Amino acid sequence: MKYAAKRVLMLAVTMLIVSLFAFVAFDLISGDAASAMLGMEATEEALEALREELGLNRPLLVRYVDWLSGFVTGDLGVSYNYNLPVWELVAPKILVTLCLSLMSFLLIVAVSIPLGLASVRSTGALAGVQTAFNQLCMAVPPFFTGIILSWVFGIALKWFTPGDFPSLTQNFGGAMRHMFFAAVAIAIPRIAMTVRMLRSTIVSEMEKSYVRTAISRGNDRSAVLRRHVLKNALVPVVTFLAQTMAEIVAGSIVVEQVFGIAGLGRLLVASIANRDYPVVQTLVVLLALWVVLSGTIADLINLRLDPRLKLGGDV
């Protein structure tokens, strides 16, 4: 319990630092929202009036404290570009990207673990073919795989309509069908990486003395693999999957553009281009929260798998 509390405290401190960096970084960028909104031809008087209206002429620390208190209470401000509450603008996009990311992650876990276990038993030419196929899957970027899947299943087979993403709330089934192929494109290289890592960790674990002792006493090799080896081998894999979960969001932002999915990708790019700071700051902090939360969950799962990880000053 103490270990979990420390991890949660670290998460909170990390997010506070990230939020400060995000706020300061955009303030240091040359130009400001007033210039982006009014254009280069705007007079200095008009720019100053708009800065006054938006509160951009207040001290940086005051603006940061106001923004942070609003973020904690759910008041994320108003978008400069869309003139809408940031949460109203961001929430539907986050839901779409979150569903796509979770679908990709579930595909990675559901496919890679059985394949990793099966690959341990492969020898000779079959093992060589699997290794080559893994390398190929890791080498192909998700956006290129997405283009192929979009052409085959969208244009040729017409299983979905590329660029016509249905509303997640109005047509959930259609949206899930559309997102499935994008999730496959994101998942393929990560499945290959996870299979490779799981096979490596299992092979390394199988060479340890406790495994040889268990097998020499007449225990079934497959049973030893399932009951003992897999649990220990999963510790580094869980950490890798946590990193994958964080990176999936970045990958999904690109793949969303290929499939025309109305997620965070287009909104983030447009908001950066328009210097829509309230939207960009919110997205940066939420994405950072996703990354840090993934790592924290991985730490807690690894502790469950191997309580010895608490040793060495972590308790």
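When a residue number appears, it is its place in the shown sequence, counting from 1. This structure is a prediction, so every number in the text was calculated from the model and none was measured.
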Heavy-atom side-chain contact between [X] and [Y] under 4.5 Å:
| X | Y | answer |
| --- | --- | --- |
| L68 | F23 | no |
| S79 | P278 | no |
| V78 | L84 | no |
| L76 | P85 | no |
| V90 | L286 | yes |

Heavy-atom pair with the smallest gap, counting every atom of [X] and [Y]:
| X | Y | answer |
| --- | --- | --- |
| F143 | V255 | N-CG2, 4.4 Å |
| L117 | L198 | N-CD2, 4.3 Å |
| P142 | P189 | CG-CG, 4.0 Å |
| T244 | R190 | CG2-CD, 3.6 Å |
| F259 | G146 | CZ-O, 3.4 Å |

Is the backbone N or O of [Y] less than 3.5 Å from a side-chain atom of [X], with the two atoms forming a donor-acceptor pair by type?
| X | Y | value |
| --- | --- | --- |
| H178 | W159 | no |
| S200 | R196 | no |
| R199 | S119 | yes |
| E256 | L264 | yes |
| R63 | R58 | yes |

How long is the gap from [atom1] on [X] to [atom2] on [Y], to the nearest 0.5 Å?
| X | Y | atom1 | atom2 | value |
| --- | --- | --- | --- | --- |
| I148 | F153 | CD1 | CZ | 11.0 Å |
| F172 | M179 | CZ | CE | 6.5 Å |
| L11 | T296 | CG | OG1 | 4.0 Å |
| T97 | I261 | OG1 | CD1 | 8.5 Å |
| F105 | L100 | CZ | CG | 14.0 Å |
| L241 | M197 | CG | CE | 9.0 Å |

- Message: What I want to check is whether the side chains of S271 and Y82 have a donor and an acceptor closer together than 3.5 Å.
- Response: no
- Task: Could you check whether the rings of F160 and F181 sit parallel, tilted or perpendicular, using 30° and 60° as the cut-offs?
- Result: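 F160 vs F181 ring planes: parallel.
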